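Keep in mind the model is a prediction, meaning the values are calculated, not measured. For reference, positions follow the sequence shown, starting with 1. Every number for a ligand or one of its atoms is a count from 1 in the order of the listing.
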Amino acid sequence: MQTVRDIEALRQAVADLRAAGGPIALVPTMGALHAGHMALVAEARRRASHVVASIFVNPMQFAANEDLSTYPRREAGDAKMLDEEGCALLWAPDVGAMYPAGFASAVRVGGVGEGLDGAARPGHFEGVATVVLKLLNQVRPDVALFGEKDYQQLAVIRRMVRDLDLAVEIVGVPTQRDADGLALSSRNAYLTDEERRAARALPRALGEAAGAIRAGGAVAPALAAAVDKLAKAGFDPIDYVELRDAETLAPLDALDRPARLLAAARIGRTRLIDNLPVAPA
Ligand code: PAF
C-alpha cells in the first residue's frame, strides 16, 4: 500500500489506479481504526478493484470544547491494518494540505443535518460535509463507504451527493458491535473499565425500545423507558433518544414507515451515539 500526503502525489497515485482499470472505492476515516472500519474496507473490496482509504482527523468537525487534541492517533498501526485488508492507497494529508492558508468555504446541508447531532454539536455536520466533499473531489471514487453507526452523518452525505450532483455511489455499511452489543467506535478507547461496563446499557436500552415499538407499543413511553434506563446506568447528559423517519430523519410519534431509533448520551467524559433500524411489521 502506498501512502501519500500531498494533493499532487494523490492525483498521480489515483491516476495510476485509474490507468490500471476498474472501479475505485473510497473509505474516509479519522484513523484509530477498528473492526468497524475494516468492514468498510472489506465491503469496498467487494465493490471495487482498488480501495483508497483516507485518514484525516478533521478539525472543522470538532467544536472548541470537543476532543480534537485527545482524539486517538495511531497512523502506523492503522496503515498496517489497511495494508493487510487489501487497501491500495492511503491518503493521509496534514491540516495544511487539506485546509491551505486562506481556506474560506463550507458546505451546509439543511434538513437531515438539523436536529439530533446537528443541534447537539453546532457546526459538526458542516465540517463533515465540507471535508467529505473535498475528499470526494480529491479522489474521485466511483463508490464511497460510510458506517451506519453515524447514521445522521450518512444521511447528510447522501443528501449532499444528491443535491450537488456528485457522480459517486454512497454505500452505508451496518454497524459492527462487540460481543456485549456496544457499537464499535474509536471513542470507546476513552472509556474506563467501569464506564465500558455501564455503556452496554446504550445498545440494550435501544434494543428494548425498538422491540417494544416493533411489537406495536406506543412510541413516547418506549423512548421514555430508554431514557430512564440510560440515566440509571449513569449516562448524563442524555442528548436524545428519538424515533425518526429512516430516510428524511423527520420525527415520528408512530411507527407508520421504516424508521430509525437514534440516541446520543455521555458516560463520564465520553459521548456515545448509537442507532437501530425499526421497521413496521
Ligand atoms: O466518520 C468519520 O470518521 C468522519 O466523520 C469522516 C466521514 C471521515 C469525515 O471526517
- Between L135 and ligand 1, find which residue part has any heavy-atom pair under 4.0 Å and reply side chain, backbone, both or neither.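 No part of L135 comes within reach of ligand 1.
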- Query: Which option, H124, K149, Q61, owns the non-hydrogen atom nearest atom 9 (C) of ligand 1?
  - Reply: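 Among H124, K149, Q61, the closest heavy atom to atom 9 (C) of ligand 1 comes from Q61.
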Sub-4.0 Å atoms of ligand 1 with respect to non-hydrogen atoms of [X]:
X    : result
P28  : 8 (C)
V131 : 9 (C), 10 (O)
T29  : 8 (C)

- Please determine which of E148, R260, R244 meets the side-chain hydrogen bond (donor to acceptor under 3.5 Å, both in side chains) test together with N275.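 When E148, R260, R244 are each tested with N275, the side-chain hydrogen bond (donor to acceptor under 3.5 Å, both in side chains) holds only for R260.
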- Are side-chain heavy atoms of M98 and K134 found at a separation under 4.5 Å?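 Yes, close enough: below the 4.5 Å cut-off.
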- Query: Is I7 close to W91 at the side-chain level, that is, under 4.5 Å between some pair of heavy atoms?
  - Reply: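 Side-chain contact under 4.5 Å: yes.
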- Task: May I ask you to check whether N58 and Y99 show a side-chain donor-acceptor distance below 3.5 Å?
- Result: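 On atom types as modelled, these side chains qualify, holding a pair under 3.5 Å.
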- Counting distance only, does the side-chain N/O of H50 pair as donor-acceptor with the main-chain N or O of G21 below 3.5 Å?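 A pair under 3.5 Å: yes.
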- Task: Ignoring angles and geometry beyond distance, decide whether Q153 reaches within less than 3.5 Å of ligand 1 through its nitrogen or oxygen atoms.
- Result: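 There is such a contact, yes.
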